[in-house]
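Numbered from 1 within each chain, the chains take letters A, B, ... in sequence-line order. Since this is a predicted model, take the numbers as computed values, not measurements. Computation of the quantities below employed the complete heavy-atom set of this structure, encompassing side-chain atoms and omitting hydrogens, waters and symmetry-equivalent molecules.
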Amino acid sequence: MRVRVRERRATSPSAGVGASETTAPVLTRLGRAARVYWILASASLRGKMQYRLDFLGSTLIQTIMGADTILFIGAVLWRFGPVMGWSITDIAMLYAVSRMGMGIYMLFCNELDRFEIYMVNGDFDTLLIRPWPTLFTLLARGVGIDRLAFLAQGMAVAALAGPRLAATGAIRGWDIVWLLAAVAWSALLYFAVGLATAAVGFWIVRIEELQVFTMNAPSTATAYPLDIYPSWLRRVFVTLLPLGLGSYVPLRFILDKGGTALDLLWPALACPAAVWAALGLWKTGEAHYASTGT
Amino acid sequence: MSGVGAAPAVVADGLRKVYRVAVRKPGLWGSVRQVVAGETRDVIAVDGVSFGISQGEFVGYIGPNGAGKSTTVKMLTGILHPTSGCVEVNGLSPARARQRVAQEIGVVFGQRTQLWWDLPTIDSFEILAAMYDVGPIDYKRFMGEFTDLLGLGEFLDTPVRRLSLGQRMRADIAAALIHSPRVLFLDEPTIGLDVMAKAQVRDFLTRVNRDHGVTILLTTHDMRDIEELCERVMVINHGKLMFDGDLESLIASAGLPTTMRLRLSRMAPGLVAGQTLWGTLGETSGRTPGNALEDSLCAITAVDYSAKSVDLAFDRRKTSAAQVLWAARELGEVRDVTLAEAGMEETVKWLLVQ
């Protein structure tokens with residue numbers, strides 16, 4: 001596939017080489033951003049497709065890895081019954097919401113996950129010399145289509161658990177909207193935590209271990225009801241390492257496991273605030289970027 | 001060249017960059033102590049560098065490895081923020097208005113490609129055209145002109161990862177010019193290239209500067225690049241600017257001797273390096289040829305009886321080649337003469353040693 005260069009009118013002769021000054025763009029800056037995003041994203045997909053076996057292999061492995069976790073947890077719950085008041089279908093829905101949030105993050109923010117490479121190799125230089133925000137270019141150049149398995153797993157589990165919960169009356173009417181909102185909050189929190197962790201890389205360069213601590217471990221832990229953890233750890237997962245705030249907190253109220261209606265409001269306030277704070281950290285970190293020697 | 005005398009294209013004023021680095025101690029225990037104690041030290045990469053580059057100038061920026069060249073270029077292009085001092089490119093601060101500056105500059109890093117590694121070369125051009133909002137007419141004109149000049153046609157459909165270094169560099173330079181930048185920063189664009197590829201890149205850069213008036217700042221370790229391309233050169237060492245001026249002044253300021261190589265059919269006996277000539281053959285001065293020249297016509301710098309050759313060094317400001325040749329009759333029967341002026345390489349080496 002080739003990129004099509006958009007038709008525009010030239011107004012003045014070129015002062016330099018090749019291109020010339022042009023009329024005011026027909027599309028707004030947002031429209032241009034969408035187009036550039038699409039071009040960069042499709043280039044990244046075409047790049048990945050060059051290594052077909054690796055692409056298919058990694059997609060397959062991630063699908064299998066996720067599926068075996070589901071089967072294991074399912075088998076345990078089947079054998080031992082409800083945990084702290086959460087039935088197997090309740091847990092499946094929480095798992096599904098958490099995985100869909102993570103899946104959306106992995107799909108659109110895959111490069112944050114592998115940001116260490118940009119710091120270690122100095123590849124971040126190439127983002128800074130382009131006339132676009134670095135975060136925009138970074139995300140657009142690495143769409144995680146091979147990570148689609150996470151989103152697919154979440155959707156599959158939700159498709160299994162949803163009708164059962166509806167049949168027992170555990171979810172009804174507006175609850176579906178709140179569940180979708182929980183997916184969005186969850187994805188936003190993944191983005192905020194992933195972005196903040198990556199931004200720390202501007203100072204410490206190597207962030208792989210930090211990612212395990214802020215992303216990987218909390219991601220696994222918060223895919224299940226936080227009631228199984230001691231209260232101090234529960235608080236950690238909704239404040240300092242807040243991935244539980246987007247999924248567990250609203251679902252606890254939706255599925256009638258406790259909490260109040262305010263549990264639907266907190267994520268709506270906290271998630272955008274977390275993203276805002278993470279963007280601030282990113283901006284500050286960018287000025288501290290030290291590049292690498294040649 | 002065009003537009004010299006207009007508002008400066010690039011200004012650096014008291015530019016300084018200090019890196020804070022961890023103090024590494026040897027061994028595992030040293031690493032543990034470093035992690036726990038967090039001891040750091042400051043490394044001054046660029047130390048109060050000031051210069052201005054006029055529109056349309058072609059300036060060489062040279063110095064040894066680690067002198068601060070790349071750090072300066074990275075501050076000029078908005079990659080690094082200066083610790084102190086001020087940078088302006090076309091009147092804008094790269095640190096504060098990075099995206100606007102990026103639209104007006106082109107950057108090439110010889111050691112790091114900016115093309116999409118796994119895609120055909122032409123895809124990179126098309127992606128960049130979209131990123132810089134280059135219209136189809138301009139894009140077509142760019143491709144028409146640059147495909148010929150840089151010989152891109154032969155590998156446009158080849159993935160970047162399969163290009164030779166020379167092809168990749170040509171593609172990188174073309175990619176940096178796709179949006180008609182007014183200023184071009186080139187960080188070692190000829191590194192690792194063979195003689196033919198270097199010549200092609202130099203020819204192209206000359207055209208870009210001369211025909212399109214693009215201001216160019218070039219860092220390189222190849223003094224031929226500087227000699228062939230730049231009318232002005234800046235030398236940096238240990239983060240400080242040591243020289244800023246034209247090539248002639250740089251070479252003249254060094255005052256390095258001219259070398260005359262004589263091939264003789266018969267050689268006088270007893271010639272040794274270090275002897276001086278002042279009409280008559282003198283004793284060995286025991287001093288370096290440069291100093292020996294102060295009180296003599298010329299000095300012998302090398303003698304080879306088997307090849308029957310003698311090298312003489314002399315200062316053009318004090319004497320002429322004809323005078324030296326006349327005096328050289330004492331050395332034997334001269335069969336052939338070649339002259340070699342001190343080049344940029346020797347001059348810069350001399351400057352850095354000073």
Per-pair distances, 0.1 Å, donor-acceptor, side chain in residues 114-123 of chain A, under 3.5 Å, sequence neighbours excluded:
from, atom 1, to, atom 2, distance (Å)
A/Arg114, NH1, A/Glu111, OE1, 2.6
A/Arg114, NH1, A/Glu111, OE2, 3.0
A/Glu116, OE1, A/Ile207, N, 2.8
A/Glu116, OE1, A/Glu208, N, 2.7
A/Glu116, OE2, A/Arg206, NH1, 3.0
A/Tyr118, OH, A/Glu111, OE1, 2.5

Donor-acceptor pair between B/Thr113 and B/Asp172 side chains, under 3.5 angstrom: yes
Any donor-acceptor N or O pair under 3.5 Å, side chains A/Thr134, A/Trp282: yes
Among the listed options B/Arg98, B/His81, B/Arg20, the residue most often paired with chain A at heavy-atom distances under 4.5 Å: B/Arg98
More than 12 heavy atoms of other groups within 6.0 Å of B/His221 NE2: yes
More than 12 heavy atoms of other groups within 6.0 Å of A/Trp203 CH2: yes
Proximal component of [X], with respect to chain A [non-hydrogen, under 4.5 Å]:
| X | value |
| --- | --- |
| B/Ile79 | both |
| B/Arg207 | neither |
| B/Leu128 | side chain |
| B/Thr71 | neither |

Contact origin within A/Thr137 toward chain B - heavy atom pairs under 4.5 Å: side chain
Chain B contact via A/Leu40 - side chain, backbone, both or neither, heavy atoms under 4.5 Å: side chain
Cation-pi, A/Trp38 ring and A/Arg32 (6.0 angstrom, 45 degrees): no
